[in-house]
Amino acid sequence: MARRRPEPVQVVKQRRDAALRALVHGVPYIQYLGIEFDRRGDELTAVLSFDEQLIGNPLLPALHGGVTAAFLEVTAVIGLSWATLWEEIESGQLDPEQLIGGQLPRLPKTIDFTVDYLRSGLPRDAYARAQVNRSGRRYASVHVEAWQDNKHRAFAQATGHFLMPARDG
Amino acid sequence: MTKGLDKTKMARQFTEAIPHAKALGMTFTHLADGVAEMQLPYDERFIGDPETGVMHGGAVYALLDTCCGAAVMSHPANPGATATIGLRVDYMRAATPGQAIRTRAECYHLTRSVAFVRATALDDDDDRPVATATGTFTVEGT
């Protein structure tokens with residue numbers, strides 16, 4: 001039996017990007033901080049564009065610790081949600097049109113979040129990636145690292161536990 | 001006594017000059033001798049769950065971090081500025097939409113190099129905290 005022809009690349013990209021955009025742009029606080037996500041296949045990199053309003057210590061100057069924490073938490077929640085939705089996006093079970101229409105899937109809820117501040121955040125763009133270490137039916141554990149100029153010199157890392165949204169079926 | 005007042009004044013001035021604290025609209029309701037109380041008004045821009053209008057945990061985290069830092073700076077034995085080493089926040093429940101978040105932080109122990117802080121976040125319900133935090137902060141300049 002012949003293998004099914006792969007979908008055209010634009011169709012695949014369009015569906016993935018629409019789903020991601022709906023997920024990220026649906027949350028006002030993510031927009032307020034100016035966080036965007038860069039996607040390569042299923043790998044996401046969160047990008048926090050620098051803004052004067054993100055400063056926490058004007059003397060140094062350095063990013064606000066709360067901004068760093070929020071950036072890491074957003075990266076963890078979107079990363080975790082993305083990982084669990086990926087199969088549904090790929091199979092077409094999850095309709096991006098529905099997402100754009102405002103029917104967002106329920107996001108995981110943060111139970112606790114612990115940030116480790118390794119060095120001060122410089123007044124420039126920051127990047128972060130989440131690693132889902134465990135994702136069960138009810139709970140998940142996610143680790144996140146954020147860096148600026150050098151990927152191998154993280155300026156902050158965090159671990160958080162999350163309550164997964166109830167799934168139908 | 002005067003030393004405590006100076007610390008409080010310095011901590012207040014420094015914290016009120018923080019661009020991100022100003023941008024979010026954080027204000028002090030109390031600050032003295034290692035104890036800080038702040039609040040953050042509800043704002044639709046801080047929503048984390050568009051379906052319910054519940055504030056994002058990140059905004060609560062930012063307020064707790066700022067409040068803890070101010071508590072450290074206002075401690076009579078703290079010589080100067082501070083930075084967060086580590087901060088853990090436990091989210092006990094969703095904050096009620098429309099209500100301001102109030103935090104109280106206490107710097108309960110200070111060594112020559114580390115300050116230990118705990119904090120609580122509340123909405124209008126005094127009996128059921130929204131979140132609690134424990135953190136360690138640097139003690140700078142001696």
Subject >> Close side-chain approach of B:K22 to B:I18, heavy-atom, < 4.5 Å >> reply: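 Side-chain contact under 4.5 Å: no.
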
**OP:** Give the member of A:N57, A:L72, A:L118 that has the highest number of heavy-atom pairs under 4.5 Å with chain B.
**Re:**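 Of A:N57, A:L72, A:L118, A:N57 has the most heavy-atom pairs under 4.5 Å with chain B.
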
Subject >> Pairs of heavy atoms under 4.5 Å with chain B: top-ranked of A:D51, A:V74, A:T68, A:V115 >> reply: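 If we count pairs closer than 4.5 Å to chain B, A:V115 comes out on top.
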
Original post:
Ring centres of A:Y32 and B:F46 under 6.0 Å apart?
Top reply: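 Centroid separation for A:Y32 and B:F46: below 6.0 Å.
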
**OP:** Begin with the C-alpha distance, continue with both residues' side-chain angles, and end with the deciding distance and a verdict on salt bridge (Lys or Arg N to Asp or Glu O under 4.0 Å) for A:E145 and A:K151.
**Re:** CA-CA 9 Å; A:E145 282 179 16; A:K151 173 82 166 63; 5.0 Å; no

Original post:
Most heavy-atom pairs under 4.5 angstrom with chain A, which of B:V89, B:T15, B:D90?
Top reply: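 Max contact count across the listed options: B:V89.
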
Subject >> A:I111 portion near chain B, given a 4.5 angstrom heavy-atom threshold >> reply: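 Contact with chain B: backbone only.
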
Subject >> Structural part of A:E52 lying under 4.5 Å from a heavy atom of chain B >> reply: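 Answer is backbone: N, CA, C or O of A:E52 sit under 4.5 Å from chain B.
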
Original post:
In a check of side-chain hydrogen bond (donor to acceptor under 3.5 Å, both in side chains) between A:R15 and each of A:E7, A:Q10, A:E90, which one passes?
Top reply: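 Only match with A:R15 under side-chain hydrogen bond (donor to acceptor under 3.5 Å, both in side chains): A:E7.
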
Subject >> salt bridge (charged side-chain N to carboxylate O under 4.0 Å, His left out) pairs, two or more places apart, involving residues 109-122 of chain A >> reply: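 As it turns out, the salt bridge (charged side-chain N to carboxylate O under 4.0 Å, His left out) pairs with a partner in residues 109-122 of chain A, which skip direct neighbours, are A:D112-B:R88.
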
Is [X] in contact with chain A via its backbone, its side chain, both, or neither, using a 4.5 Å heavy-atom distance?
| X | value |
| --- | --- |
| B:I47 | both |
| B:L24 | both |
| B:A59 | both |

Could you tabulate the donor-acceptor pairs under 3.5 Å formed by side-chain atoms of residues 59-66 of chain A, not counting sequence neighbours?
{"residue": "A:H64", "atom": "ND1", "partner": "A:G66", "partner atom": "N", "Å": "2.7"}
{"residue": "A:H64", "atom": "NE2", "partner": "B:T66", "partner atom": "OG1", "Å": "2.8"}

